[in-house]
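Here's the structure, in structure tokens; my notes come after.
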Amino acid sequence: MNTNSEGLRDEIMLVLRAFDAENEEFTHYFSCSGGKFLNSIEFKGEFYDFEEDYKAENDIVFKRLAKRSAKLSAYKALSKSTGKALPWGALTGIRPTKLAYTEKASGGDYLKLFQDLCVSEENTKLVTRILKAQEGVYKKGGRDLYVSLPFCPTKCDYCSFITAPIAKTEIYVENYINCLIKELQSVKPYLTGLRSIYVGGGTPFVIKNSQLTPIYAAINAIFDGTVEYTVEAGRPDVFTEEKLKTAKEYGVTRLCVNPQTFNDATLEKIGRKHTSAQTLQAYESAIKYGFDINLDLIAGLTDETPSDFEKSLKTAISLNPANITVHTLSLKSGAKLKEETKKLNVKGVEEMIAASRELLMGAGYEPYYLYRQKYQAGGLENVGWAKPDKACVYNVDTMEEISSTVAVGANAISKRYFSDEDRIERYAAPKDIPTYISKVDKIIKERAKLFK
């Protein structure tokens, strides 16, 4: 791709990848004068000129609008050349709802903006439903506590997390927990306005109950009152009655059960060592303790058909969990799948997502959060669906980037949100577990600078 404006290259490349045209000859020329952007494009022997009015009160706004103009011009040229329309049009950002909120805050009309960006009418309506569902939950300026337990039974083919099979990492667990407790004790001053607690992984339930207990105790020692308290328990093959009972005793209110599919053949193909029957058993065990349950499914897993996915979806709905999140398969850095595949061409994935919207809405679920990823099958999205008044606060805060996250553990990313400036500063702990353990004191000091 050739362009006279290097600052726009990355934005245009996102559009080229969406059309499978990143290796095609594509020439772009950008200029601006008299309050107008001009994007001239040459592709496959055809020439396209796009002129657009703009108003920018400062350099930051100018750069944002220039990027948007270049992406839209590239999209229109490629759409005309290929005869294809993408479900999210020229919108390549990972948080469409955040863009809608930003446009509303500036006095604009996000419906018109989405129309201008060629977003499908169906997806625009989806965003509108999400904004409605977030009323009463969406609140700027709070804080959330994230606790990282990066241990798993095995690593799935599509997973990009730092986790390794517990057989290889269990030698670090005791030292890791000691460091985690030390970190938790250090962050108490930063937890004012706490909205939620999320213990994530990995698969936290893969470690022993006797190892989970001191973590729960350390968490309970640093916050007052009752907040949403989620543990990403994870795969059903690591559930035990003892772990469920202990989580309940320490005030956990929500558990994540992550089957990904109820197709046993698929589970085996993606590297999971459990069955759908075990998922159902784990769910029934957890629901007895009164937890709100989050279930995750993935559309587009290895060799699955729309019929296979719909079967999983109907099974999930029949359980009546508080939340069902439908992910679209994505290529992620560090995942085995990305090492083996350059481009996801999943037959029937659009049909799978369409079925999820129809069936979940019909079952009384509302979409309440949404995010997209760069290399997602079909250019689609991930959507969290919730029963009335059962939206997960942590998911809304994280996906909309409207709160600060105090994060502890390996690969934990603390974020401080400055609501008056609508900006975020981050501090990331090391990904490698031994490195994290050796640097925990430095991590505590560096994070203190972020929240001072």
Side-chain angles (χ1 to χ4, degrees), residues 142-153 163 166 170 172-258 281-296 321-323 390-395 397-398 403 405-410 412 414 440 444:
R143 294 195 172 181
D144 304 284
L145 173 64
Y146 179 80
V147 181
S148 171
L149 284 173
F151 305 99
C152 266
T163 53
I166 189 66
E170 62 184 346
Y172 302 114
V173 171
E174 292 297 336
N175 281 340
Y176 186 89
I177 291 171
N178 291 335
C179 291
L180 207 58
I181 292 172
K182 190 173 186 179
E183 277 205 274
L184 284 166
Q185 292 169 344
S186 76
V187 301
K188 184 175 182 177
Y190 318 137
L191 298 181
T192 53
L194 188 68
R195 281 169 51 82
S196 73
I197 298 167
Y198 193 98
V199 181
T203 306
F205 265 26
V206 76
I207 65 176
K208 299 173 185 176
N209 190 62
S210 60
Q211 295 168 326
L212 287 166
T213 301
I215 299 171
Y216 295 146
I219 292 171
N220 286 12
I222 63 172
F223 81 99
D224 299 320
T226 301
V227 297
E228 176 188 277
Y229 188 167
T230 304
V231 174
E232 192 176 3
R235 302 190 202 182
D237 48 331
V238 295
F239 276 54
T240 66
E241 288 289 337
E242 184 184 31
K243 290 175 185 177
L244 292 168
K245 184 173 182 289
T246 300
K248 185 66 176 180
E249 289 172 349
Y250 277 94
V252 174
T253 61
R254 187 179 295 253
L255 284 182
C256 300
V257 183
N258 302 329
Q281 182 180 0
Y283 184 91
E284 292 303 322
S285 296
I287 206 71
K288 290 187 301 185
Y289 289 91
F291 297 113
D292 286 332
I293 306 291
N294 293 4
L295 279 181
D296 282 15
N323 284 220
K390 291 295 183 179
C392 180
V393 172
Y394 178 82
N395 284 338
D397 283 358
T398 301
S403 69
T405 302
V406 180
V408 298
S414 290
V440 67
I444 291 170

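The heavy-atom pair separating Thr203 from Cys152 by the smallest distance is OG1-SG, 3.0 Å. Considering all non-hydrogen atoms of both residues, Gly409 and Leu180 come closest at CA-CD1, 3.6 Å.
Between Cys256 and Thr230, the closest side-chain pair of non-hydrogen atoms falls below 4.5 Å.
Residues passing the salt bridge (Lys or Arg N to Asp or Glu O under 4.0 Å) test with Lys288 are Glu241, sequence neighbours excluded. Remark: Asn175 pairs with Asn178, Ile437 by the side-chain contact (heavy atoms from CB on, under 4.5 Å) rule, at least two apart or across chains. Listed by chain and number, the residues in a salt bridge (Lys or Arg N to Asp or Glu O under 4.0 Å) with Lys188 amount to none (sequence neighbours excluded). Applying the salt bridge (Lys or Arg N to Asp or Glu O under 4.0 Å) test to Asp397 and every residue at least two apart in sequence or in another chain returns Arg195. Residues passing the ring pair (Phe, Tyr, Trp, His ring centres under 6.0 Å) test with Tyr394, sequence neighbours excluded: Tyr198. Listed by chain and residue number, Pro236, Phe239 satisfy the side-chain contact (heavy atoms from CB on, under 4.5 Å) test with Ala282 (two or more places apart in sequence, or in another chain). Every residue meeting the ring pair (Phe, Tyr, Trp, His ring centres under 6.0 Å) condition with Tyr250, not counting sequence neighbours, appears here in chain and number order: Tyr216. Judged as a ring pair (Phe, Tyr, Trp, His ring centres under 6.0 Å), and not counting sequence neighbours, Phe223 has no contacts. In terms of the salt bridge (Lys or Arg N to Asp or Glu O under 4.0 Å) criterion, Arg143 has no residue partners (sequence neighbours excluded). For Asp292, the side-chain contact (heavy atoms from CB on, under 4.5 Å) criterion is met by Arg254, Ala322, Lys390, not counting sequence neighbours. In this structure Pro189 satisfies the side-chain contact (heavy atoms from CB on, under 4.5 Å) test with no other residue, sequence neighbours excluded.
At distances below 3.5 Å, at least one donor-acceptor pair connects side-chain atoms of Ser148 with backbone N or O atoms of Ala410. Of the possible donor and acceptor atoms, none in the side chain of Thr405 sits under 3.5 Å from a partner among the backbone N and O of Asp144. Checked by atom type and distance alone, the side chain of Thr253 pairs as donor or acceptor with a backbone atom of Tyr229 at under 3.5 Å.
Applying the 6.0 Å contact sphere to NZ of Lys182 captures no more than 12 heavy atoms from other residues, nucleotides or ligands. For Glu170, the CD atom sits in a packed shell: over 12 heavy atoms of surrounding residues, nucleotides or ligands are nearer than 6.0 Å.
For residues 201-214, the set of pairs meeting the salt bridge (charged side-chain N to carboxylate O under 4.0 Å, His left out) definition, not counting sequence neighbours, is empty.
Stacking of Lys245 on the aromatic ring of Tyr289 is not recorded, the 6.0 Å distance cut-off and the 45° axial limit not both being met.
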